[in-house]
A.B. asks: 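Below you will find the structure I want to go over with you.
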Amino acid sequence: MLRQQDVGHRIVVRRIVGIREGRPLFSDALGELVELSETHLTLATAQGRLRVPVTQVHRAKRVPPTRRPTAAAVVALERAADEAWPATTRGRLGDWLLRSADGWTGRANSALPIGDPDRPLPAAVDAVERWYAEQGQPAMVNTPLPLAAPVGAELDARGWGSRPPTLVQTAPLPLPTSTPADAAAGADVELNTAPSEKWLAVAAGRKGGLPDAARHVLTAVAQVRFAHAYVDGELVATGRGTVTGGGRWLGLSLIEVLPAARRRGLARQVIHELAAWAESAGATRAFLQVEQRNSAAVALYQKLGFTTHHTYLTRVAPH
């Protein structure tokens, strides 16, 4: 059967649709799993959304995507994402990127092994380990899959660990129009070129602190906006948007709604405001990165038209 980790992925469901002469009649449905609860699962199919009671599910499993993105498409998106989250200290190993930002977030403190490292793979990993040792921090590598599968195999052989999988999801702009529930959220959303101190406090709470390097990561992008959503003058939701990749990509990050204001459509409202800004700047697609196990966020993004482009693993060197 399916698990929460399957939300956001393509699945096939065989369901019981009736009984004839004492025998069950089956029908198959193929689509992306949007929601999974104890009682129902919801699919986004080519014919629209399909909600299936669990009691009618005979068999369900994940299946491969219809097609994988090309290596060039993965490289282009990963470079746009790197541009949107710039580390304070950077190095190169051939085409590989080396990144450090005082340990703030895995994305800004890991090597990105795309392209040719200009040396054999074992020597490239040796060089990565030396570079991070010089920075005084553990070596980490982000491995986009399946593109960096050979790198992952080398790290496996060396006993490197792995953090939970991250989905890199994309959607075309404009995003689906807001629902009445979004309009009912009633927040006043401001987009600023710099974050307020309250915005930074929300980010610090989510990320476990905010060192000086974090401010560089957040602000050192040519086209960036910080969303501040207010209700009755109080900050209730935040978000960050960047336009990178030659002006094509809106990057969404740090979408956060304070606990007391959740389930009111505020996250969607913030995302739509950032998407409208990015469109006006010429962006045609949006991307975000979300942990596969964060099923609630994956379900929200699915409703906004996001699908999984590829995944990556953050690999961590053994102590």
Side-chain angles (χ1 to χ4, degrees), residues 8-10 31-32 34 44-46 48-49 65-86 95 97 107 112 114-115 142 144-147 166-179 182-183 189-193 217-229 237-256 265-290 297-312:
H9 290 270
R10 192 163 175 257
E32 193 159 310
V34 176
T45 74
R49 294 170 70 87
T66 51
R67 59 185 179 184
R68 289 177 174 175
T70 65
V74 173
V75 169
L77 181 48
E78 285 291 331
R79 294 206 182 279
D82 171 71
E83 185 184 345
W85 202 255
D95 294 329
L97 301 178
R107 279 180 282 168
L112 183 59
I114 53 177
N142 269 13
L145 299 174
L147 181 66
T166 296
L167 308 179
V168 181
Q169 299 199 313
T170 63
L173 296 177
L175 298 178
T177 56
S178 300
T179 66
D182 298 331
V189 180
E190 298 178 2
L191 300 186
N192 306 119
T193 56
V217 172
L218 292 171
T219 62
V221 182
Q223 295 192 83
V224 61
R225 291 295 184 273
F226 297 88
H228 301 67
T238 60
R240 176 178 176 270
T242 56
V243 173
T244 60
R248 180 189 183 198
W249 287 102
L250 161 66
L252 293 167
S253 59
L254 294 173
I255 307 298
E256 185 75 11
L266 290 168
R268 289 190 187 191
Q269 190 176 359
V270 165
I271 290 169
H272 275 104
E273 293 289 346
L274 289 168
W277 161 74
E279 280 188 84
S280 69
T284 57
R285 295 190 65 81
F287 77 88
L288 53 84
Q289 296 159 319
V290 58
V298 171
L300 167 64
Y301 299 140
Q302 169 67 35
K303 293 172 183 176
L304 290 169
F306 284 88
T307 58
T308 299
H309 186 271
H310 64 277
T311 64
Y312 71 76

A.B. asks: Examine distances only and state if a side-chain atom of His272 and a backbone atom of Pro176 form a donor-acceptor pair shorter than 3.5 Å.
C.D. replies: yes
A.B. asks: Can you name the closest pair of heavy atoms from Ala275 and Leu250 and give their distance?
C.D. replies: CA-CD2, 3.7 Å
A.B. asks: Report the distance from atom NE2 of His309 to atom OG1 of Thr307, rounding to the nearest 0.5 Å.
C.D. replies: 8.5 Å
A.B. asks: Considering all heavy atoms of both residues, which atom of Val270 and which atom of Ala229 are nearest to each other, and what is their separation?
C.D. replies: CG2-CB, 4.0 Å
A.B. asks: Go through it in stages, so that I can follow the logic: the residues are Trp85 and Thr242, the test is side-chain contact (heavy atoms from CB on, under 4.5 Å), and I'd like the CA-CA distance, side-chain angles, deciding distance and then a yes or no.
C.D. replies: CA-CA 9 Å; Trp85 202 255; Thr242 56; over 6 Å; no
A.B. asks: Hey, which of Val298, Leu175, Val290 is the one that makes side chain to side chain contact (heavy atoms under 4.5 Å, CB included) with Phe306?
C.D. replies: Leu175
A.B. asks: What closest approach, in Å, do Ala84 and Arg240 show between heavy atoms, and which atom pair accounts for it?
C.D. replies: O-NH2, 2.8 Å
A.B. asks: I'd like to know whether Ile114 forms a side-chain contact (heavy atoms from CB on, under 4.5 Å) with Leu147, so could you lay out the CA-CA distance, the side-chain angles of the two residues, the decisive distance to 0.1 Å, and finally the verdict.
C.D. replies: CA-CA 8 Å; Ile114 53 177; Leu147 181 66; 3.7 Å; yes
A.B. asks: What distance separates Glu78 CD from Phe287 CZ, expressed to the nearest 0.5 Å?
C.D. replies: 9.0 Å
A.B. asks: For the side chain of Arg285 and the backbone of Thr170, is there at least one donor-acceptor N/O pair under 3.5 Å apart?
C.D. replies: no
A.B. asks: Just to verify, which of Leu167, Leu145, Val74, Val168 counts as forming a side chain to side chain contact (heavy atoms under 4.5 Å, CB included) with Tyr312?
C.D. replies: Val168
A.B. asks: At their closest point, which heavy atom of Arg225 faces which heavy atom of Thr193, and how far apart are they?
C.D. replies: NH1-CG2, 3.5 Å
